[in-house]
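Presented below is the structure to which this report refers.
If you read the sequence from its start, that first residue is 1, and numbering goes on from there.
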Amino acid sequence: MAVQTMPSGGLCRRVFAAALGIGAILAAQGALGAPVKAATSAPVIRTHPMIPATSPVGPAESPENTGVPGFQTTKNWSGYAQTGGVYQSITGCWAVPSVTPGTSVPAYSSAWIGIDGDGNGDLIQTGTEQDWSSSTGQAPFAANYFAWWEILPYTATPIPMSITPGDQMCASIGEIGTSGQWTISLTNETSGGTFSTQQPYAGPADSAEWIVEAPFATDGSYNCGPCTLASYGLTTFSQATEDGADPELTPTNGLEMDQPLGTVVSIPSDPDSYGNGFSLAYGSAQPLPPTNIPGGGYTLDAYGGVHNFGDAPPVSATAYWPGWQIATSIAMDPCDTSGQYSGWVMDGFGGLHPFAAGGTPMPAIPAITGYWPGWTIANDFVAFCITVGGVQHAAGCVLDGFGGLHPWADSSAVIGDVPCNGTGYWPNWDIATKIAVVPGHDYGYVMDGFGGLHPFNGAPFYAPSGYWPGWTIARGIVATATGGYTVDGFGGIHPFGNAPAITPSGYWPNWDIVRGIAVAYGGTGTYTLDAFGGVHAAGGATPVSAGGYFPNQAVVIEIVSAP
């Protein structure tokens, strides 16, 4: 079976948003991306559907919760599980925990996300293993870490990916349309390792989970199940989504693990303030929920849908074209005051269409000077604030494919005051692809499809660090006070000016799948966007969840950050 790396959300707080899963675990699965290595002497792992405390499987336990009120007690799962729907996708991120000695027998822990297994015997999942074990099942034991994917009733298939404690893992599982084919993807956001496989799966998909489990295992001559849980310390799950939206977890979704009767060995925190993340601790002391760090923005799909990510609120749009991929660009209103979220979506003809979050006034329909009905030549636009007669106005420039810049403004009375003076123009050649403005100013850069940079309105000239003459692989640009960044279709991030270098967290060599880049609000790091809607934090940006994710549907085209 051919295996292709799949973008997964760069993710740690509100997450990346929705997903990408049996089929015969008969073929070894490959991976592209950073060099990877499988763990040696890996045990045979088989996870198990959730075993309630009242189940005859395993040692007898009381159904009474012995930890936190509202949590359900199980024999093998701890974390959070959602039921009551039919789930077509799930995403989530977690930090690989570090296991420590603590038992005289082998001990195991599996951290994973999955669909099914809570109330049924099916399960599709991917995760990491953190074990205190040996190849013989006998002492001496050592810590053992590896990644895997699994579809019951088969055992877990190891993923050839280097895993070490502290690595930030992000995963997605989702059905491709209604085909019964599912994509399972796992990314090591720390090392850059990526893996993806497509498999048939026919489970009912009526639960979604983010779990640390005591699995069933075979290590040499040693067999157990549920096994003794390894002493894994603490881990945090973040950027959880189901069907592209935050799961809105509550304590009633929580699961604690008892080994044996009345002894809590793994317990989650309450959900974080967004309801899409939590911490998990070994032992009976409940940890505090993770702290949410501000950061977010919006992505745009080709039909005009505007999708929030991170802590940006959802918005209402004034235009949407279902079935017609005509939307091309998005920009925030730079004249918004603190706590306001609004802007415009541009269609391929040059029309600008307002959107706004609840509580923010809807922007005016702008006056425009460049509009070509029936001709999709409007490639991008920027917005900046101008002051005319002591009054602030939202204004900007529309970029056509030949490099022409066309003023727009929130009032026709001031459109003559809008500067749009470019330095690159290629008549009859649709090669000018993107434009970016320096925050707080009315100048910036046009990018051509090869990665060339062309200042407008007097911006300083900077030579690009990524330039591919004759190859239209440059996909996005963002400007900063000291330069900026371009991104190529594979995910490479290229600084210009005095912007510091950033190592991408999502990179897919030879796969033209990246569509845009934005600087995280506040100037720390960047977010890159893949065409499925995954948002990948790099350079210190806060990992976030994405609200619009369409696995295997390359329909997401642009990204913008927001306060």
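Applying the salt bridge (Lys or Arg N to Asp or Glu O under 4.0 Å) rule to Asp430 yields no partners; only residues at least two apart in sequence or on another chain are considered.
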| Stepwise side-chain hydrogen bond (donor to acceptor under 3.5 Å, both in side chains) test for Ser185 and Ser196 | CA-CA 4 Å; Ser185 294; Ser196 183; 3.0 Å; yes
| When you look at Ile163 and Asn188, which way does the side chain to side chain contact (heavy atoms under 4.5 Å, CB included) test go after all the steps? | CA-CA 8 Å; Ile163 302 295; Asn188 186 326; 4.0 Å; yes
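Put simply, the residue from Trp344, Phe381, Trp321 that forms a ring pair (Phe, Tyr, Trp, His ring centres under 6.0 Å) with His353 is Trp321.
Judged by distance alone, the side chains of Thr197 and Gln199 do bring a donor and an acceptor atom under 3.5 Å apart. Residues Thr433 and Asn379 bring no donor and acceptor atom of their side chains to less than 3.5 Å of each other. In summary, the side chains of Thr241 and Thr91 do present a donor paired with an acceptor at a separation below 3.5 Å, with no hydrogens or angles considered.
Using modelled atom types, no side-chain atom of Asp380 and backbone atom of Leu399 make a donor-acceptor pair closer than 3.5 Å. Put simply, the side chain of Ser342 never gets that close to the backbone of Thr360: no donor and acceptor are under 3.5 Å apart. Thr423 places a side-chain N or O within donor-acceptor distance of the main-chain N or O of Pro455, the cut-off being under 3.5 Å. Judged by distance alone, the side chain of Asn457 and the main-chain N or O of Pro419 form a donor-acceptor pair under 3.5 Å.
Heavy-atom contacts from other residues, nucleotides or ligands closer than 6.0 Å to CD of Gln325 number more than 12.
Less than 6.0 angstrom separates the ring centroid of Tyr201 from the ring centroid of Trp182. Between Tyr527 and Phe309, the gap from one ring centroid to the other is short of 6.0 Å. A centroid separation of less than 6.0 Å is found between the aromatic rings of Phe550 and His307.
One finds no salt bridge joining Arg475 and Glu558 here, because no Lys/Arg side-chain nitrogen approaches an Asp/Glu carboxylate oxygen to under 4.0 Å.
Considering every non-hydrogen atom in both Gly452 and Pro464, the closest pair reads CA-CG, 4.4 Å. Considering all non-hydrogen atoms of both residues, Tyr485 and Phe496 come closest at N-CE2, 3.3 Å.
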